[in-house]
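Naming convention: chains lettered A, B, ... in sequence-line order (proteins, then strands); numbering from 1 in each chain. Worth knowing before you read on, the calculation uses all heavy atoms, side chains too, and leaves out hydrogens, waters and symmetry mates.
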6 protein chains.
Amino acid sequence: MYRHTRELQFTARPEKPDALFAAKFQEILGGQFGEMTVMMQYLFQGWNCRVPGKYKDMIMDIGTEEISHVEMLTVMLARLLEGAPGEATDKAAAANPALAAVLGGQNVQHAIVSGGGARPTDSLGNPWNAGYIAASGNLLTDFRSNVAAEAQSRLMTSRIANMTDDRGVKEMLAFNLARDTYHQQQWLLGIQMLIADGYVETEIEQSNGDWEDKDAAHVFYTSTNGSAAGEGLWVTGNSLVDGEPFRAEELRPLTDDDGTLPAPDPLQFVTYD
Amino acid sequence: MYRHTRELQFTARPEKPDALFAAKFQEILGGQFGEMTVMMQYLFQGWNCRVPGKYKDMIMDIGTEEISHVEMLTVMLARLLEGAPGEATDKAAAANPALAAVLGGQNVQHAIVSGGGARPTDSLGNPWNAGYIAASGNLLTDFRSNVAAEAQSRLMTSRIANMTDDRGVKEMLAFNLARDTYHQQQWLLGIQMLIADGYVETEIEQSNGDWEDKDAAHVFYTSTNGSAAGEGLWVTGNSLVDGEPFRAEELRPLTDDDGTLPAPDPLQFVTYD
Amino acid sequence: MYRHTRELQFTARPEKPDALFAAKFQEILGGQFGEMTVMMQYLFQGWNCRVPGKYKDMIMDIGTEEISHVEMLTVMLARLLEGAPGEATDKAAAANPALAAVLGGQNVQHAIVSGGGARPTDSLGNPWNAGYIAASGNLLTDFRSNVAAEAQSRLMTSRIANMTDDRGVKEMLAFNLARDTYHQQQWLLGIQMLIADGYVETEIEQSNGDWEDKDAAHVFYTSTNGSAAGEGLWVTGNSLVDGEPFRAEELRPLTDDDGTLPAPDPLQFVTYD
Amino acid sequence: MYRHTRELQFTARPEKPDALFAAKFQEILGGQFGEMTVMMQYLFQGWNCRVPGKYKDMIMDIGTEEISHVEMLTVMLARLLEGAPGEATDKAAAANPALAAVLGGQNVQHAIVSGGGARPTDSLGNPWNAGYIAASGNLLTDFRSNVAAEAQSRLMTSRIANMTDDRGVKEMLAFNLARDTYHQQQWLLGIQMLIADGYVETEIEQSNGDWEDKDAAHVFYTSTNGSAAGEGLWVTGNSLVDGEPFRAEELRPLTDDDGTLPAPDPLQFVTYD
Amino acid sequence: MYRHTRELQFTARPEKPDALFAAKFQEILGGQFGEMTVMMQYLFQGWNCRVPGKYKDMIMDIGTEEISHVEMLTVMLARLLEGAPGEATDKAAAANPALAAVLGGQNVQHAIVSGGGARPTDSLGNPWNAGYIAASGNLLTDFRSNVAAEAQSRLMTSRIANMTDDRGVKEMLAFNLARDTYHQQQWLLGIQMLIADGYVETEIEQSNGDWEDKDAAHVFYTSTNGSAAGEGLWVTGNSLVDGEPFRAEELRPLTDDDGTLPAPDPLQFVTYD
Amino acid sequence: MYRHTRELQFTARPEKPDALFAAKFQEILGGQFGEMTVMMQYLFQGWNCRVPGKYKDMIMDIGTEEISHVEMLTVMLARLLEGAPGEATDKAAAANPALAAVLGGQNVQHAIVSGGGARPTDSLGNPWNAGYIAASGNLLTDFRSNVAAEAQSRLMTSRIANMTDDRGVKEMLAFNLARDTYHQQQWLLGIQMLIADGYVETEIEQSNGDWEDKDAAHVFYTSTNGSAAGEGLWVTGNSLVDGEPFRAEELRPLTDDDGTLPAPDPLQFVTYD
Ligand SMILES: [Ca+2]
Ligand SMILES: [Ca+2]
Ligand SMILES: [Ca+2]
Ligand SMILES: [Ca+2]
Ligand SMILES: [Ca+2]
Ligand SMILES: [Ca+2]
């Protein structure tokens, strides 16, 4: 069950409104790698988690913190939108180039749909959707998704931070960047613990590994003319699973199956020979 | 530029058709973590890559291999759908429970839309979409997404492999599982090389790290009653960035900002006090 | 069956073209609460309606009127787009700030995709989709959705009306605003009639009300520190269903069930303890 | 800021697993009118609310309760999925009609994607998306959406409750039904208070009402042959805004504008005369 | 403007209900190539059409007919769903294999969401969306899309017709098939008229044809080993534009540009060399 | 199986960067009728094709060429984005109207998400999705879709070509326009061959044509007042299937079925009489 506290986790107050920046800011709220994504990803992983104790509690704790991150960002957005030019016309723009830029670049749904409030969308207006999140019940693969989500999310936050000089915005983003730095490590260390606790044998997902095609697990296939890909550790190194050496091979068919398909049911009216 | 060879990379021939299994099989073709996702993810990362040499070539090579994986799966699907009961009625089902199960569980778009061919969708018919892929230009974060994608993809493949006894299907999946095992390592070793080659300092995304909130990068916040999360390495260990120790704290507001918003533009007809 | 008359329901002629305003105008055509939404919502409700006579006829009549509203808006849009700067370049923009604003803020799909015609999308280009509409077969709940749809639609129309001084646009919007005013009442009075005609007992959806948890139907749960929510009629008033008083309570678990999940099927490779 | 308590708001324990019912149950979790929708709708309305005091606190309180509802449903789903036939084949189905039904009707992503956990989707696998929610900043229109959302949500919950005899499921749904009964009233009484507190004049959204087309706000247009729609209160009654009588009229063009469009820019290659 | 007539265009009465068939039937109502698609495609093309007279009138007429087709299909669907087993349980299925098939294969949203009415979705529950339609303002390209839409739509209708023996359903589908036969020809003859009337020179879209790469307009590129593609008219025939012969060539780069990208803005944190 | 060659099919080098044009350029990469669409459409058609020899090989060859087209466009996009103003602020815009236009009109995800690389989206940021493609197994209907796709794609390419003076861009587009000219003919000639080879009887899809409603296959229905549609070949000409003359008729119900629906299952809580 959840409870709410009126105070935000961190101050979310820009020095001054900036509708153009607000349009960009939506990306880290409702984008593919925004805070809504990690919030819903961790909540679903936590609710579905079947390992009581430190793992389930940790996921529940971070899921709850992320709701608070989403809250902070919505408040920041509403304050950035204060006084946005809802009614401005192109005549006004003609007299004022800065206004012209705002008119062009602002998110018009901020004016029309949310009335100066945050939108549950990315920076181009795509509604957030659950096709962004991963929750498989397998903690190794989910933690891999979580490291990736925090890394991508942090990168977007960094890029957006470089698009403003507003000290209020930057102060909050300094907090968010730090949390993403911490959270990347949290998930990587979580993988270390899964191994230490015996839930998995290596950091590689290898279910049904007993009958996979062992040889194909050690080859890099190359098909680009003049490829230099063979110089990487993925060819010159050894397997993280069994220590055997990797090798590179030219990509070629391992079969003479040319994919010819049989005649279909005539009632399907599929063209066939 | 791309070229095509008539032979498949690996044989894609089931022992016998199975429309019910084909419906499930769609998940690893056109699902969130299916082969279409890694194919498009690596192609876009490769085309956008700004590091000529082993990195760009490696991404291009694997992107090209993944087109071949998608091809193999579509052929397998069409062969699994051979003789699927496109025209069967509920009268037939009444006399045949196994047929009844197929009638219920088959993907009806296999019969109606593709005429016994593969569909560019997941196992429940959601069309594949580009909101599944990541290509940021930053190789560290993209490689993180790639490890995660291969791990999740391998897990789904494993689960589906356990849902059939068909030796032809399993033989091909043994190859696919092995490739996913290899590819997870390829991306992890890619991150090691990025560090070795000096493109990044640590395996943690830390752009703008010079001005992030250092303290907040070392704290685990907990707010669940009786949480055991403090027992994990993410609290008892040290930072992978600067070696300083982590700590746990009770989640609490770091501000007295309660998110109060200013009065809006009256022409927006937003309710305010 | 439907028939078409060449004349529009109302004049749709702007004083002059305005591509920037046209981009915003798309919201009330193809947005979540635009005319396409009420058109499709009422058509599906009418076709599925199982109460012949005044209810079905009324829904059919308004559904038909809404097709005409969509038509009016598409004509207005095409006229607003007349002469839009399809081929203008950034050089032209440098010399003309007003043009710069248009170039930035125009909907580029108006130039590229529809060739100066209306698009079946919202103001940010999201294609209209049927996930916006409600048609449940239950007239009480559908009429509730209809009041809401007309209210939100009218608000967006009002906001957009304040973004232009064009008298031709405003004259048509004065008609649309009035229809939304009327239609809100139509659905509210429809709910009154459903009660008067004995289809429902109260204005509250209460199917299976005989076995719902009566106590939980009278409580407001609060969990925000210092919440003033208890001052509202939803706590100080009485139930619209049975006249019993409401009360406020602190949100707390009504169970000691902590959501612990059982061990899963090992073949799923879900992590468990 | 948010906090988490380990105990659920209400017990979520079915008498026994039922994978077929679990597939249906997804509708009230991640469907258009499921708990994820009201959770995100109230959270965004609360964060964007500009009326401090009882209104903002009330919205925040209910938003927080809804997170707990989503949590309860995910736990119920995971327990309904216990022992679901992840690996069953059509041979098994042939010998067991009940299993055949489950094989056909189960949500295969429960087996393949979430490993026996809840999915953030509706009953047919459509991922939840933010195009379902409304948060306009205008409390009258938002409360209208909220009444509608609770009414539709309650109806779906009622329908699903009638599809099971499981006492554990029904006990939890008796609680959910009651909350939906209460919440419908909460929003209706909220509208009464908005009038009492002077935020709006009537229960009808009428911004810019001073210049709307007054006559068109009092007419019901009919165009269906033999329509009985004129018998309703929406024709025989009086306006809820100004008390003037309504009337019915045959739908006819109020203009001779036939929507003729001007010649376009030749560089668009639009066909014109 | 539009008007409504109570009678359907054609009888829509099945001999008996069939919930399993109803699930499939949704594809030709709300699928990618269903009646909703052609209805919205022709309405938008008609409203945006800039050639008054026979072209605009023809598109308006067929658009209006398609609204009536959608209406017929929704009525058929509701009648097919009569008595669908909304409350049946797996116990009932165990005793009745035919019911088991229905339980597995029915569209559960018919029971939960629409209460036995048509849904605005395809056969797997994907909501209809406007990304299915084309309306470019260029009549040649739009008529090409229209031929394709009618052909695909007719094929799906044919496939579905073969999945039932119900004479009522087949009688209506015989009408629909015939309309699709007629409509394909209508659009092909429309293209002939565009040429006869001088709106285009050939049946090939060739805007800006004066400066396109003439040679590349006459070559078939082949890259598959052993390709027999050179035997087709597309190689052995002559251009439909200028009468010059086609030829086949091996696909090869026409440039030494290897796609190397320049160094990016360092503030983007893109990895580069 | 597929192979990669480092060189592009055609040079993709703009004279100079242009972020505003890059935003528009996305439409022909990831839009509904962009190169990603034809690439995936032809690949799926080829993989599912059941006519070995010239048809399957031809589809495979063009599918492979289209991967190369997508590659060319992504390279062009990344080069157009060189030096895009990722960090520019509204202060800068105030001093520079051309920059203001760029700031307003650029695709902000180019700066935030892809770091100056191509995005798998259209010009307004909608992610590409598989609901755009057709692959039915029936070559006649698929070739119809292919002609339409090439025609629409060519039109969009033409419109975009007119929005730039950059000679590098125009040179590549001259190649693309030519390929679309050729490909339209390839599919039309493919239809001619299907007839010549006896796979279909006419160029009209007419499966189950033996029992369709013959009369309804020869009528144009008109319902618009004063419609001139009867002047077209679709009324004055003869059937392309059987040579019989067409005729026009006033649209009218062919039945007295008014769509009245029966009473539903009471447990669905659908309102009925
Ligand atoms: Ca966060
Ligand atoms: Ca793969
Ligand atoms: Ca309206
Ligand atoms: Ca609830
Ligand atoms: Ca039709
Ligand atoms: Ca192409």
Side-chain angles (χ1 to χ4, degrees), chain C residues 6-8 10-11 53-54 57-58 60-61 64-65 75 78 86-87 115-116 141 144-145 148 151-152 154-155 158 174-175 177-178 181-182 184-186 189 193 204-205 207-208 212-213 216-217 221-224 227-229 231-234 240 253-255 257-259 261 264 267-268 270, chain D residues 6-8 10-11 53-54 57-58 60-61 64-65 75 78 87 115-116 141 144-145 148 151-152 154-155 158 174-175 177-178 181-182 184-186 189 193 204-205 207-208 212-213 216-217 221-224 227-229 231-234 240 253-255 257-259 261 264-265 267-268 270:
Chain C
R6 203 174 255 172
E7 289 75 26
L8 303 177
F10 199 90
T11 307
K54 67 175 176 289
D57 289 348
M58 179 265 273
M60 288 299 213
D61 278 337
T64 309
E65 184 185 353
V75 172
E87 77 278 31
T141 62
R144 284 278 175 230
S145 287
Q152 295 274 357
R154 196 185 182 290
L155 174 65
S158 250
F175 179 73
L177 287 173
T181 297
Y182 175 74
Q184 286 177 75
Q185 300 173 72
Q186 174 182 322
L189 293 167
M193 287 221 86
I204 306 300
E205 201 288 311
S207 57
N208 282 329
E212 73 174 15
D213 179 335
Y221 291 120
T222 177
S223 77
T224 299
S227 174
E231 299 166 12
L233 264 175
W234 46 85
L240 301 175
L254 303 168
T255 177
D257 179 355
D258 63 357
L261 300 179
L267 284 175
Q268 293 282 341
V270 168
Chain D
R6 204 174 252 174
E7 290 74 27
L8 302 176
F10 199 90
T11 306
K54 67 175 176 291
D57 289 347
M58 180 265 274
M60 289 300 212
D61 278 336
T64 309
E65 184 185 354
V75 171
E87 78 277 29
T141 63
R144 285 280 175 228
S145 286
Q152 294 275 358
R154 197 185 180 290
L155 174 65
S158 249
F175 180 74
L177 287 173
T181 297
Y182 175 74
Q184 286 176 75
Q185 300 172 71
Q186 174 183 321
L189 293 167
M193 288 221 85
I204 307 299
E205 201 289 311
S207 56
N208 283 329
E212 73 174 13
D213 178 334
Y221 291 120
T222 177
S223 77
T224 300
S227 174
E231 299 165 13
L233 266 176
W234 46 86
L240 301 175
L254 303 168
T255 178
D257 179 355
D258 63 359
L261 301 180
D265 180 345
L267 284 175
Q268 294 281 342
V270 168

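Counting heavy-atom pairs closer than 4.5 Å to chain C, the top residue among D:Ser207, D:Gly115, D:Gly232, D:Ser145 is D:Ser207. For chain D, the option among C:Leu8, C:Asp258, C:Thr64 with the highest count of heavy-atom pairs below 4.5 Å is C:Leu8. Ranked by heavy-atom pairs under 4.5 Å with chain D, the list C:Ala229, C:Pro264, C:Ala78, C:Ser223 is led by C:Ala229. When each of D:Arg154, D:Gln186, D:Met60 is checked for heavy-atom pairs under 4.5 Å with chain C, D:Arg154 comes out on top. Of the listed residues (C:Val270, C:Leu240, C:Val75), the one with the most heavy-atom contacts under 4.5 Å to chain D is C:Leu240. Of the listed residues (D:Ala174, D:Ala148, D:Gly53), the one with the most heavy-atom contacts under 4.5 Å to chain C is D:Ala174.
When atom types are taken as modelled, the side chain of D:Asn208 and the backbone of C:Ser158 share a donor-acceptor pair closer than 3.5 angstrom. A donor-acceptor contact shorter than 3.5 Å is absent between the side chain of D:Asp213 and the backbone of C:Ala178. Formation of a donor-acceptor pair under 3.5 Å by the C:Gln152 side chain with backbone atoms of D:Thr141 is found in this model. Proximity of a side-chain donor or acceptor of C:Gln184 to a complementary backbone N or O of D:Ile204 within less than 3.5 Å is not detected. No donor-acceptor pair under 3.5 Å is formed between the side chain of D:Arg144 and the backbone N or O of C:Ala151.
The CE atom of D:Met193 sits 4.5 Å away from the CG atom of C:Leu233 when rounded to the nearest 0.5 Å. Rounded to the nearest 0.5 angstrom, C:Glu65 CD and D:Thr222 OG1 are separated by 10.5 Å. We find the OH-CD distance between D:Tyr182 and C:Glu212 to be 13.5 Å, quoted to the nearest 0.5 Å. The CE atom of D:Met58 sits 12.0 Å away from the OG1 atom of C:Thr224 when rounded to the nearest 0.5 Å.
In terms of heavy atoms, C:Ser227 sits closest to D:Asp61 at OG-OD2, 2.8 Å. The heavy-atom pair separating D:Phe175 from C:Leu254 by the smallest distance is CE1-CD1, 3.6 Å.
With no hydrogens or angles considered, no side-chain donor-acceptor pair links C:Thr11 and D:Asp257 at under 3.5 Å.
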